[in-house]
Each structure stands twice: as structure tokens, then as C-alpha cells.
Amino acid sequence: GEDVEQSLFLSVREGDSSVINCTYTDSSSTYLYWYKQEPGAGLQLLTYIFSNMDMKQDQRLTVLLNKKDKHLSLRIADTQTGDSAIYFCAETLIGNNRLAFGKGNQVVVIP
Amino acid sequence: EPEVTQTPSHQVTQMGQEVILRCVPISNHLYFYWYRQILGQKVEFLVSFYNNEISEKSEIFDDQFSVERPDGSNFTLKIRSTKLEDSAMYFCASRVPDRVYEQYFGPGTRLTVT
């Protein structure tokens, strides 16, 4: 079954890059996602990557997928105070409706 | 930009009481979901709903839970007899049929069972 693990807390200075990591256990995962949750808000889909890709770049966001190690990372370039949030990685299988989430990483951006 | 809305934002109830959590999915979406997050734990899938029936449910979604789409806009989660361990943030999500990778989430309802 799906099991997604994340470390919990990251502090980063404004303007620096931040990297959030995630490991997953289900090798048949098809889509892997990064969601952002700001205080009092819902889960906002930031980006996703299909499992046959190694990398996806979307403006300041770079997603790297290492299928061999089942490792997913999100790099945020030029981190800004508005990036302070909890970031969740998630996975889903083909034909499976459900998302399986990690516990989330809290990112705090220091001005 | 259209968004999923949920009401109430916070619900406090006594153990054993019934609660109904409400969601209004995005208007052209046809798949609907409930997830929950117990404080400090992972976001967990509860149930998915399509074409007026449950398409998938997790082991958490037992007989105490039910979902309904009572009209063309609302999607509800009912907990018949709440337990202390039902205290959590409950998220509703929705998507269009051909974009399985884009579930849009509401802001959540914080349920506190005392």
C-alpha cells in the first residue's frame, strides 16, 4: 500500500533556496504531488509529476523524482515570506481515486 | 477563480451527537472526496463519491459515516454518533473526470468532540 514519509521542519532565509524531501514506498505510484497549506487555508495543489518523469520545473518550483530510491523533492528558488506554509507530498495510483499524504514539512521563511 | 467551500469552519459537539459537515464543490466537478487530518498526523482519505454513489472508501469510513449529495451543489459528510477520536480537520475535495491529478481542496472544517 501507499506510505509517504516526510521530515517535519525547515527554516530558510528569504532569497535562499529551500528543498523539501519526501520518500514513498509504493513503486506503482503514478502521480506524485506537492500541496501547500497556509494557515487557515485548504490544501493547494502546487505541482505534480508523472512517474515516468525525472524532473519538472514550474517557475520557482523544481520537482525531482528518483524512482529507484522512491524519493521526491521540491526545490523552491528565491524563497519568499509568502512561501511560509506546510508542504505535503502525496501519491496516487492509476485507477485509484485516493491521495496518500505525508505528514507535511513546515517551512518558515525568515526575512 | 472557483473554489471549494466548506461550512462550518469550526464545529464543537458532544460525544454521541450527530454532526453534518458541508461542502460546496466547484460547479463543474463530478468527483468528490472527504479526507481528514487528526492533529499531528497525516491527511487520510475517507471516501470518494461519483455519480451519486460511493466509488471508494477507506477502513476509517465505517457505518458511523455517510455521505450525500442532497442537491446539485452540496456534498455532505455525516457522522452519526461522534467519538472523541473523530476530532480532526475534515477536508472536502473535488475534481473533473478527466483530470485525476487535480483534486481541489476546501479550507477544512475543524471538528472538536468533547
Side-chain angles (χ1 to χ4, degrees), chain A residues 1-9 20 22-26 28-53 56 58 61 63 65 72 74 85-106, chain B residues 1-10 21 23-26 29-51 53-61 67 88-97 99-110:
Chain A
E2 311 109 354
D3 192 22
V4 183
E5 295 296 331
Q6 290 181 255
S7 54
L8 297 178
F9 184 82
I20 309 164
C22 169
T23 57
Y24 61 98
T25 57
D26 201 317
S28 56
S29 291
T30 54
Y31 289 103
L32 295 122
Y33 309 81
W34 284 103
Y35 278 83
K36 176 184 180 184
Q37 185 181 35
E38 295 180 69
L43 295 162
Q44 175 197 354
L45 176 62
L46 280 181
T47 187
Y48 61 89
I49 188 167
F50 192 52
S51 57
N52 66 354
M53 299 167 66
K56 180 178 180 181
D58 184 0
L61 306 178
V63 179
L65 176 60
L72 182 74
L74 174 70
I86 300 176
Y87 291 82
F88 295 92
C89 68
E91 61 178 338
T92 193
L93 309 177
I94 285 181
N96 190 317
N97 271 307
R98 66 175 70 186
L99 291 172
F101 285 87
K103 270 193 180 180
N105 275 89
Q106 177 149 19
Chain B
E1 187 176 322
E3 57 185 21
V4 177
T5 60
Q6 290 185 243
T7 54
S9 57
H10 191 189
L21 309 183
C23 168
V24 179
I26 295 172
H29 288 193
L30 298 179
Y31 281 85
F32 313 114
Y33 305 82
W34 284 102
Y35 292 81
R36 79 172 184 190
Q37 185 182 29
I38 295 171
L39 189 63
Q41 298 186 23
K42 297 180 180 181
V43 176
E44 304 171 290
F45 169 81
L46 292 178
V47 66
S48 59
F49 190 87
Y50 171 70
N51 200 25
E53 60 183 25
I54 290 173
S55 50
E56 189 180 0
K57 61 183 181 179
S58 72
E59 54 279 2
I60 302 168
F61 194 88
V67 289
M89 181 73 88
Y90 288 81
F91 294 105
C92 173
S94 68
R95 67 169 174 91
V96 293
R99 296 175 82 87
V100 66
Y101 43 84
E102 285 188 3
Q103 290 186 25
Y104 290 86
F105 282 76
T109 292
R110 180 166 295 286

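Since we're looking at a predicted model, the values are computed, not measured. Note on naming: letters A, B, ... go to the chains in the order of the sequence lines (proteins, then strands), and numbering restarts at 1 for each one.
- Ranking A:Lys103, A:Glu38, A:Gln44 against chain B, the residue ahead of the rest is A:Lys103, based on heavy-atom pairs under 4.5 Å.
- Proximity of a side-chain donor or acceptor of B:Tyr33 to a complementary backbone N or O of A:Leu99 within less than 3.5 Å is not detected.
- The environment of NZ in A:Lys56 is crowded: more than 12 heavy-atom neighbours from other residues, nucleotides or ligands sit within 6.0 Å.
- Only the side chain of A:Gln37 comes within less than 4.5 Å of a heavy atom of chain B; its backbone N, CA, C and O stay farther away.
- B:Glu44 CD to A:Arg98 CZ: the interatomic distance, rounded to the nearest 0.5 Å, is 10.5 Å.
- If you measure heavy-atom distances from A:Leu43 to chain B, the contacts under 4.5 Å come from both the backbone and the side chain.
- Residues passing the side chain to side chain donor-acceptor pair (under 3.5 Å) test with B:Gln6: none are found, sequence neighbours excluded.
- Using a 4.5 Å cut-off between non-hydrogen atoms, the part of residues 101-110 of chain B that approaches chain A consists of B:Tyr101, B:Glu102, B:Gln103, B:Phe105, B:Gly106, B:Pro107.
- Within the 4.5 angstrom heavy-atom criterion, no atom of B:Tyr50 approaches chain A.
- By the neighbour-count criterion of 12 heavy atoms within 6.0 Å, atom NZ of A:Lys36 is densely surrounded, having more than that number from other residues, nucleotides or ligands.
- Qualifying ring pair (Phe, Tyr, Trp, His ring centres under 6.0 Å) partners for B:Phe91, counting only residues two or more places apart in sequence or in other chains: none.
- Legend: residues meeting side chain to side chain donor-acceptor pair (under 3.5 Å) with B:Ser58, ordered by chain and number and at least two apart, are absent.
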